[in-house]
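First up is the structure itself, then whatever we jot down about it.
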Amino acid sequence: MRLVLLFSSLLFSYAEVPFQISLSKTHVHLKQKRSTKGKIFVDFYEGKRKLSEHTYSAFVPESETLEVLIPKSSSNKTQADSVLITVLNVQYIHEKSVHMFGSGPGQFREGKSIKGDSFNQIYIVDTAQEAVLKFNEKLQFLDKFGSFNIDESQSFEKDFANIEEAQFDGINDLIAGPRLTTFITDTRNQRVVEVDSSGNFVREFNPRDGFDEPTKLQTNSRHEILVLDSENERIVVFNHFGNQVFTIGGYGTGDYRFIKLLDFIVDKEDNLICLDQLEKESLIKKFSRNGRLLSKKTLKEKYEIIASDYWGHLILLAETKIKVLDSNLRPVMHLFTNPKNLYNAEAITYVDNKKLYTLHNDPSMVKIFSPRLTLLQKKMNLQKD
C-alpha cells in the first residue's frame with residue numbers, strides 16, 4: 001500500500017479495478033471490463049515484503065488481455081503470497097506561475113532549458129546571460145554560474161582557464177551527472193562541458209569527428225551522456241568517462257536517419273524517443289538503448305518539443321498545440337485540466353516530487369503543475385505450491 005500512502009493527499013481511492021481478474025499457477029490474467037485510462041501496476045508480496053524486482057507496470061491497454069508472470073523461487077515454487085493490482089490515473093492542475101524577468105538574482109531574460117535533478121533542484125539555462133540559475137523545488141533562488149566567452153583557441157590549457165570561470169557562447173541545455181556534476185552544451189564553442197556543483201570546470205568532451213552545434217542533453221541509468229548534435233542530425237552517446245560509445249542517426253529519410261531532429265528524451269527503460277520534424281508533420285521514432293528501432297508514429301501536426309512526466313507520458317509541444325502519448329505512442333486525453341497553460345512553453349521538466357515545471361519567455365516565468373491522482377486497487381491472495 002506504499003503508493004496509497006505516498007499520494008494520500010492528492011488522490012481519490014476506489015475499491016475495484018476495471019478488470020476481470022483470474023489466476024493460474026503461472027500468471028495473473030487481467031481482462032478489461034470497461035474502457036478506462038491510466039497506468040497499471042502489478043505488485044507481488046511475500047508476507048508484508050514487496051517483491052520490487054517483480055513489479056510490472058504499463059499504460060492500460062485498449063482491449064487486450066494482460067498476462068503477468070507470477071514470481072517463482074529458485075526451486076520453482078511460487079514466491080509471492082499476494083498480488084496488489086493498481087490503476088493510477090493522472091491529471092495535472094496549474095498550481096502557480098512565478099515571474100522571473102530580469103538580470104538580478106533568480107531572474108532570466110531568455111530561458112532556453114529547464115531541468116530537474118534527484119535532489120528536487122531546478123536548473124534554468126538563460127542564453128541572454130550565458131548562465132545557469134539553480135533553484136529549490138519551490139523556485140527559491142540558490143545559485144548562479146556562467147558568463148559570456150568566445151573560445152577561439154584550440155588549446156586545452158586556455159579552455160581550462162576560460163571554463164574555470166564558467167564562460168560559454170551559446171549555452172543551450174544541461175543535465176545532472178552521476179557525481180554531483182552538471183553537463184552543459186556550449187553550442188557555438190562546439191563542445192559539452194562538465195562542471196561541479198559550483199560551476200567550476202571539470203572537463204570537456206567531443207565526438208571523434210567533432211560536434212556541429214550540440215544542443216539537447218539526456219542521460220540514462222548507465223550514466224551515459226546522450227547529446228543531440230543538431231546540424232549533423234544525430235545523437236552521440238558517451239560513457240561516463242566521456243568516451244564516445246556510438247551514434248544514432250544522420251541526415252536522411254530511412255528508419256535510422258532524421259530530416260530535422262529537434263528534440264529527444266530517454267525514458268525509464270533507457271529507450272530513446274526522438275522528435276523528427278518533416279515538412280508538414282512530425283515523426284516520432286522510438287529506439288532501444290543500443291539504437292534498435294522499436295516503433296514509430298507520424299503526427300499530422302508539427303511539434304518542436306518532446307518531454308515526459310514521472311509516469312512516462314510523452315508530452316509534445318508547439319507554440320499553441322499540445323499532444324500527449326503513452327509509452328506505446330497511443331494518444332492520451334485530458335492529462336491537463338487546461339492545456340492552454342502550456343502554450344508558448346520553451347521547455348518542460350519534472351522532478352521526484354512528481355510536479356511539472358514549464359519554462360516560458362515573453363514574459364519570463366516558470367509555471368508549476370501539480371498532479372491530481374485517481375487510484376483504483378484490488379488485492380488478491382495467491383495459492384502457494
Side-chain angles (χ1 to χ4, degrees), residues 97-117 121-135 139 141-152 159 162-177 181-195 197-201 204-206 211-218 225-232 260-265 275 277 303-307 317-319 342-349 357-367:
S97 299
V98 181
H99 291 264
M100 297 179 170
F101 178 78
S103 301
Q107 296 180 318
F108 67 91
R109 301 196 309 274
E110 192 176 340
K112 189 67 175 178
S113 174
I114 186 168
K115 290 285 178 67
D117 67 13
Q121 295 178 134
I122 304 296
Y123 300 80
I124 294 175
V125 169
D126 182 13
T127 58
Q129 301 181 75
E130 297 288 355
V132 175
L133 312 178
K134 184 162 68 172
F135 304 83
L139 294 181
F141 179 63
L142 300 176
D143 199 6
K144 171 187 173 181
F145 57 86
S147 61
F148 177 72
N149 173 63
I150 298 177
D151 180 18
E152 296 179 344
D159 283 348
N162 289 334
I163 302 171
E164 191 175 33
E165 298 171 5
Q167 295 178 321
F168 306 98
D169 182 21
I171 190 170
N172 191 287
D173 196 13
L174 58 79
I175 196 77
T181 61
T182 302
F183 294 89
I184 300 169
T185 45
D186 191 14
T187 301
R188 286 189 287 273
N189 283 331
Q190 310 294 357
R191 59 191 169 190
V192 173
V193 176
E194 184 179 12
V195 300
S197 58
S198 299
N200 299 311
F201 172 81
E204 67 173 77
F205 53 88
N206 296 274
F211 283 124
D212 192 356
E213 296 194 9
T215 54
K216 306 293 184 176
L217 284 169
Q218 292 286 319
I225 306 301
L226 298 89
V227 186
L228 197 165
D229 190 14
S230 64
E231 292 302 305
N232 287 320
K260 188 59 181 176
L261 181 56
L262 291 183
D263 202 358
F264 78 106
I265 62 167
L275 173 60
Q277 192 178 80
Y303 294 95
E304 298 166 358
I305 298 167
I306 186 168
L317 299 176
E319 187 174 341
L342 282 83
Y343 287 0
N344 299 304
E346 187 73 28
I348 182 170
T349 194
Y357 297 77
T358 59
L359 178 68
H360 300 257
N361 294 314
D362 193 26
S364 302
M365 72 172 78
V366 173
K367 295 182 180 180

Give a yes or no answer on whether the side chain of [X] reaches the backbone of [Y] with a donor-acceptor pair at less than 3.5 Å.
| X | Y | value |
| --- | --- | --- |
| T187 | I171 | no |
| K134 | L142 | no |
| E110 | D126 | no |
| S113 | V125 | no |
| D229 | F211 | no |
| E194 | F205 | no |

*Under the side-chain contact (heavy atoms from CB on, under 4.5 Å) rule, what do V366 and F135 come out as? Steps first, then yes or no, please.*
CA-CA 11 Å; V366 173; F135 304 83; over 6 Å; no

If you look at every heavy atom in [X] and [Y], which pair is closest and at what distance?
| X | Y | answer |
| --- | --- | --- |
| F183 | L217 | O-CD1, 3.3 Å |
| N189 | F168 | ND2-C, 4.2 Å |
| Q190 | N206 | O-OD1, 2.5 Å |
| P214 | V227 | CB-CG1, 3.8 Å |
| N172 | K216 | OD1-N, 4.3 Å |
| Q129 | Q107 | NE2-O, 3.0 Å |

*Test F108 against every option in N361, I114, T127 by the side chain to side chain contact (heavy atoms under 4.5 Å, CB included) rule and name the one that passes.*
N361

To the nearest 0.5 Å, tell me how far [X] [atom1] sits from [Y] [atom2].
| X | Y | atom1 | atom2 | answer |
| --- | --- | --- | --- | --- |
| R188 | D169 | CZ | CG | 4.5 Å |
| Y357 | Y123 | OH | OH | 13.5 Å |
| L261 | Q277 | CG | CD | 11.0 Å |
| L139 | I124 | CG | CD1 | 6.5 Å |

*Assess whether side-chain contact (heavy atoms from CB on, under 4.5 Å) is satisfied between D173 and T215, documenting all intermediate values.*
CA-CA 6 Å; D173 196 13; T215 54; over 6 Å; no

Under 3.5 Å, which donor-acceptor pairs link side chains of residues 97-106 to any protein atom two or more places apart or in another chain?
residue: S97; atom: OG; partner: H94; partner atom: NE2; Å: 3.0
residue: S103; atom: OG; partner: R109; partner atom: NH1; Å: 2.3

*Flag the pair L342 / L317 as yes when at least one side-chain heavy-atom distance between them is below 4.5 Å, and no otherwise.*
yes

*Do the side chains of V192 and T185 get nearer than 4.5 Å, heavy atoms only?*
yes

*Would you check, one step at a time, whether the test side-chain contact (heavy atoms from CB on, under 4.5 Å) holds for T182 with V132?*
CA-CA 10 Å; T182 302; V132 175; 6.0 Å; no

*Evaluate the criterion side-chain contact (heavy atoms from CB on, under 4.5 Å) for residue pair D263 and E304; output intermediate values, then yes/no.*
CA-CA 7 Å; D263 202 358; E304 298 166 358; over 6 Å; no

